Number of protein chains: 2
Amino acid sequence: MNRSAIDIPGYTYGTTEVAPSPATLADLEQLKTSVRFTQEDEHFLQLAGTVLDDQVEAIVNHWRSQIIAGIPHLAKHSRHQDGSPLPDYLARSNLRFQQWIRDTCQRPYDQDWLNYQHEIALRHTPVKKNQTDGVVSTPHVPYSDIVAFLAVLNETIRPYLAAKGHDESDVAGMHSAWCKSAHMQMALWAKTYMATQSAGATP
Amino acid sequence: MNRSAIDIPGYTYGTTEVAPSPATLADLEQLKTSVRFTQEDEHFLQLAGTVLDDQVEAIVNHWRSQIIAGIPHLAKHSRHQDGSPLPDYLARSNLRFQQWIRDTCQRPYDQDWLNYQHEIALRHTPVKKNQTDGVVSTPHVPYSDIVAFLAVLNETIRPYLAAKGHDESDVAGMHSAWCKSAHMQMALWAKTYMATQSAGATP
């Protein structure tokens, strides 16, 4: 993945604009141990990356238009506070959402990755919500909304993992690796939420 | 399920010893919407309850003896602070862990269920860790340890769901419902952790 080739508004992965994560590489090793993330999972995530690469737009449209749009308490987080649409915000956020799928599969899980997990979480808390795109939307996304909706992401990604004709054991392997990564990310985002609670985030 | 028939040390589900959850039934409905938990999932959880009922001891032994025991940063939470075993604590905790599987599948998700989710989370924070069994172990379990290890619970429960000969679509349905419940529970536990942060819990 060529960083300089990724031109997405507000996407700052690996740049000096991203603050250091409170989580260390030692924390990451513990998380990998806790979810039992192995080299086989790394292999399957890379495979998932090739399978999903040309599907990320369809996947995010599925999540946003077919699911989130029908759930007012989730949809409001990318709308004006009066509930009216913010199409530019949604469009930019969708591009970053697409890139998040790629990053989950293709990036090495190193300090840059940890730092960007912290950045992603901060952008859902009162510390940085809305700032990247200069909008006035909900002041933050409750952590519980994120954890709950991850169940839907994990479930609905599976048919896309199977869409390129891989056999069932490979699809199961890709899906298992994806879910382990999701749990590591939820754990990392929780660290950020808990560290910023004094800033007014609510669970 | 006959409450009076459940005689497990420290198991207080549905009793006046359990404090009210900060989460309301309205919060629960939002969580169900976010994870897309439907009547079909309720049906599949009930089915999972019948499938798992006589396997809970084997499942918890698998989790504790074959997995957690080999991960020092998780195993320490049910040991003395010097790392030596606390066999009585582990035994009681295992019985409650077994009952948690049953409760996840068979209990109605109502205010009693919400309250006990709060109680379960409190027992992992500095507010109530060790109190139920009167032991001196780690002062709390970091929330990130719980979220990370849930990935393992979700993955390893699947063969047990398949162990009674149900067809693949029923097993997939049971597993999906289980995972949705796990995400709702992680969301509820996070509320408790974040509400108790002033008590010294760390993420």
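These numbers come from a predicted model, not from an experiment.
We find the NE2-CD distance between A:His183 and B:Glu155 to be 10.0 Å, quoted to the nearest 0.5 Å. Taking CG from B:Asp145 and OG1 from A:Thr33, the interatomic distance works out to 10.5 Å, rounded to the nearest 0.5 Å.
Other residues, nucleotides and ligands contribute only 12 or fewer heavy atoms inside 6.0 Å of the CD atom of B:Glu40. Counted within 6.0 Å of CD on B:Glu57, heavy atoms from surrounding residues, nucleotides or ligands total 12 or fewer; the atom is thus considered open. Environment of CD in B:Glu168: crowded, with over 12 heavy atoms of neighbouring residues, nucleotides or ligands closer than 6.0 Å.
Residues satisfying the side chain to side chain donor-acceptor pair (under 3.5 Å) test with A:His73, not counting sequence neighbours, are B:Ser34.
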* Verdict with reasoning, B:Tyr143 to A:Tyr143, per side chain to side chain contact (heavy atoms under 4.5 Å, CB included) -> CA-CA 13 Å; B:Tyr143 176 77; A:Tyr143 176 77; 3.3 Å; yes
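Neither the backbone nor the side chain of A:Ser181 comes within less than 4.5 Å of any heavy atom of chain B. Contacts between A:Met186 and chain B at a heavy-atom distance below 4.5 Å involve backbone atoms as well as side-chain atoms. In this structure, chain B has a heavy atom under 4.5 Å from the side chain of A:Leu74, while its backbone stays farther away.
When each of B:Ile67, B:Leu31, B:Asp27 is checked for heavy-atom pairs under 4.5 Å with chain A, B:Ile67 comes out on top.
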